[in-house]
Student: 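Quick one: this structure, given as structure tokens, is what I'll be asking you about.
Worth knowing before you read on, the calculation uses all heavy atoms, side chains too, and leaves out hydrogens, waters and symmetry mates. Whatever order the structure lists ligands and atoms in, that order sets their numbers, starting from 1. Counting begins at 1 with the first residue of the sequence.
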Amino acid sequence: MVSVIANNLTKQYGKKKDIVYALKGVSFEVEKGELFGIIGPDGAGKTSLFRILTTLLLPDGGTASVDGLDVVKDFKAIRQRVGYMPGRFSLYQDLTIEENLEFFATIFNTTIQENYDLIKDIYSQIEPFKDRRAGKLSGGMKQKLALSCALIHKPSVLFLDEPTTGVDAVSRKEFWEMLRSLKKQGITILVSTPYMDEASLCDRVALIQNGGILSVDTPEGVISSYKHPLLAVNDGNMLQLLNLLQQYEGVLDAYPFGEYHHVVVKEGYSESSITAYLQQQQLGQVEVHAIRADIEDCFIALMKGEGRS
Ligand SMILES: Nc1ncnc2c1ncn2[C@@H]1O[C@H](COP(=O)(O)OP(=O)(O)OP(=O)(O)O)[C@@H](O)[C@H]1O
């Protein structure tokens, strides 16, 4: 069963010379109970898309529905059944943890007690500090409270806009574990993130750039569509190495990746031809080995328009 449909959505801001095309015909479908990632850099259009799907912004073109309800005509009904955690924290800084949660429960005509089971795993981690003001919480605690507030009215679809941006690595990991357990309760989750490594934690992902969707697939599907040979190359002087690699005719692309440079090699070139080339350039300790592309390599290729699929 389909939960969310975006059909050729467009959105623009400004006029004439200053016009910005934030969404340029975005289409995808999300199944009920899916954990669906929208991955894209800053300015890609993620927030505009989420604001349209949660009925906070009107699209300029196209249609969209949530649980079969139209985002324009049925906005009131949609607001009752979606949970939205905006990118910047939506909490009232001067209210305590408990007061924030009570506030969100009240506007949806419910109580903390009524839906406690749904938020228990998340809320119980911050409940010991329930009298602390939201403004005094750490990033990870704010994130847990914001998620509890987005869940308190038992939504069927949850929209999380960049929930892990600016959050430390441990809290990020915990957050994804919380999403996995929410998914088990049958909630459809759309989550946006600029972190490509988070894509592998989703059931399916849409890669968005400059207001357009580049790919919608499972993480495994994205990886298996990658066709070119890929090498990891390392040397004492990484900057010089990168320049040399980028100049070589057999190289399609080379970019820093952790301790290595990843090198996308043209058809007909191999590990040995790259090694021979680098030795000719009199580099000292070059290490070259073939690797399997991971999801970040695939996204980099798609974003650079090299059409791996
Ligand atoms: N109210 C607005 N007026 C003018 N331009 C806007 C407005 N809101 C967004 N934009 C522009 O539309 C484009 C898409 O922005 P959007 O916020 O949807 O993307 P995003 O992927 O969420 O990025 P970010 O994480 O930076 O918010 C950007 O170029 C942005 O500058």
Side-chain angles (χ1 to χ4, degrees), residues 4-30 35-66 71-72 75 78-79 82-91 139-140 142-143 146-147 150 157-169 171-172 175-176 179 188-202 204-217 219 222 295-296 298-305:
V4 177
I5 302 176
N7 180 25
N8 206 18
L9 283 177
T10 59
K11 182 71 199 173
Q12 59 200 52
Y13 300 102
K15 289 205 173 93
K16 293 189 180 157
K17 267 195 285 172
D18 295 325
I19 206 155
V20 178
Y21 295 95
L23 298 176
K24 301 175 188 161
V26 165
S27 301
F28 59 86
E29 290 188 0
V30 180
L35 176 47
F36 190 85
I38 312 267
I39 319 278
D42 286 347
K46 305 181 297 294
T47 300
S48 302
L49 176 62
F50 274 21
R51 289 176 65 82
I52 290 172
L53 294 174
T54 52
T55 81
L56 299 173
L57 188 68
L58 287 169
D60 292 319
T63 55
S65 66
V66 176
V71 291
V72 179
F75 71 95
I78 290 184
R79 286 178 191 180
V82 301
Y84 177 44
M85 184 171 152
R88 283 194 208 102
F89 291 116
S90 51
L91 304 168
K142 281 185 183 169
Q143 188 198 40
L147 182 57
V157 188
L158 193 55
F159 291 89
L160 309 169
D161 193 6
E162 297 198 20
T164 54
T165 297
V167 176
D168 66 80
S171 300
R172 264 174 73 182
F175 193 80
W176 278 95
L179 296 191
T188 308
I189 305 171
L190 279 80
V191 55
S192 77
T193 176
Y195 302 123
M196 293 189 227
D197 59 321
E198 292 185 343
S200 55
L201 304 166
C202 302
R204 282 191 311 142
V205 286
L207 180 65
I208 184 168
Q209 179 179 246
N210 294 328
I213 300 271
L214 300 177
S215 152
V216 181
D217 210 335
V222 173
I295 199 138
E296 297 188 53
C298 302
F299 283 162
I300 289 168
L302 284 164
M303 291 168 92
K304 290 186 174 174

Student: Please check whether A22 reaches ligand 1 - meaning an N/O of the residue sits under 3.5 Å from an N/O of the ligand, judged on distance alone.
Tutor: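 A22 vs ligand 1: no N/O contact under 3.5 Å.
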Student: Over all heavy atoms of both residues, which pair between I38 and F50 is shortest? Give the atoms and the distance, please.
Tutor: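 Closest pair (atom of I38, atom of F50, distance): CG1-CE1, 3.8 Å.
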Student: Can you pull out the closest protein heavy atom to atom 9 (C) of ligand 1? Residue, atom name and distance to 0.1 Å, please.
Tutor: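 Of the protein heavy atoms, Y13 CE1, 3.3 Å lies nearest.
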Student: Would Y84 and R79 count as a side chain to side chain contact (heavy atoms under 4.5 Å, CB included) if you check the C-alpha gap in whole Å, the side-chain angles of each, and the deciding distance to 0.1 Å?
Tutor: CA-CA 9 Å; Y84 177 44; R79 286 178 191 180; over 6 Å; no
Student: Is K11 close enough and on-axis enough to Y13, meaning under 6.0 Å and within 45°, for cation-pi?
Tutor: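 Yes, K11 sits over the ring of Y13.
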Student: Kindly identify the option in G43, S192, G14, G211 whose heavy atom sits closest to atom 14 (C) of ligand 1.
Tutor: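 The residue whose heavy atom sits nearest atom 14 (C) of ligand 1 is G43.
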Student: For A44 and ligand 1, does the shortest N/O to N/O distance drop below 3.5 Å?
Tutor: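 There is such a contact, yes.
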Student: Does the plane of the ring in F36 sit parallel, tilted or perpendicular to the ring in F28? Use 30° and 60° as the thresholds.
Tutor: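 Geometry flag for F28 against F36: parallel rings.
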Student: To check your reading of the model: name the closest protein heavy atom to atom 25 (O) of ligand 1, its residue, and the distance in Å.
Tutor: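 Of the protein heavy atoms, E162 OE2, 2.8 Å lies nearest.
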Student: Using a strict cut-off of 4.0 Å, indicate which atoms of ligand 1 neighbour a heavy atom of K46.
Tutor: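 Per the distance check, 18 (O), 19 (O), 20 (P), 21 (O), 22 (O), 25 (O).
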Student: Looking only at protein heavy atoms, identify the closest one to atom 17 (O) of ligand 1 and say how far it is in Å.
Tutor: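 Atom 17 (O) of ligand 1 sits closest to the protein heavy atom T47 CB, 3.6 Å.
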Student: Answer whether the closest heavy-atom distance between the side chains of L147 and L158 falls below 4.5 Å.
Tutor: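 Sidechains of L158 and L147: in contact.
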Student: Heavy-atom contact under 4.0 Å between P41 and ligand 1?
Tutor: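 Per 4.0 Å heavy-atom rule, P41 contacts ligand 1.
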Student: For atom 30 (C) of ligand 1, what's the nearest protein heavy atom and its distance?
Tutor: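 Looking only at protein heavy atoms, the one closest to atom 30 (C) of ligand 1 is V20 CG1, 4.7 Å.
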Student: When you measure from the heavy atoms of G45 to every atom of ligand 1, does any distance fall below 4.0 Å?
Tutor: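 Flag set, G45 near ligand 1.
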Student: Among all protein non-hydrogen atoms, which one is nearest to atom 18 (O) of ligand 1, and what is the separation to 0.1 Å?
Tutor: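 Protein heavy atom at minimum distance: S48 OG, 2.6 Å.
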Student: Any N/O of D161 closer than 3.5 Å to an N/O of ligand 1?
Tutor: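 N/O-N/O distance below 3.5 Å does not exist for this pair.
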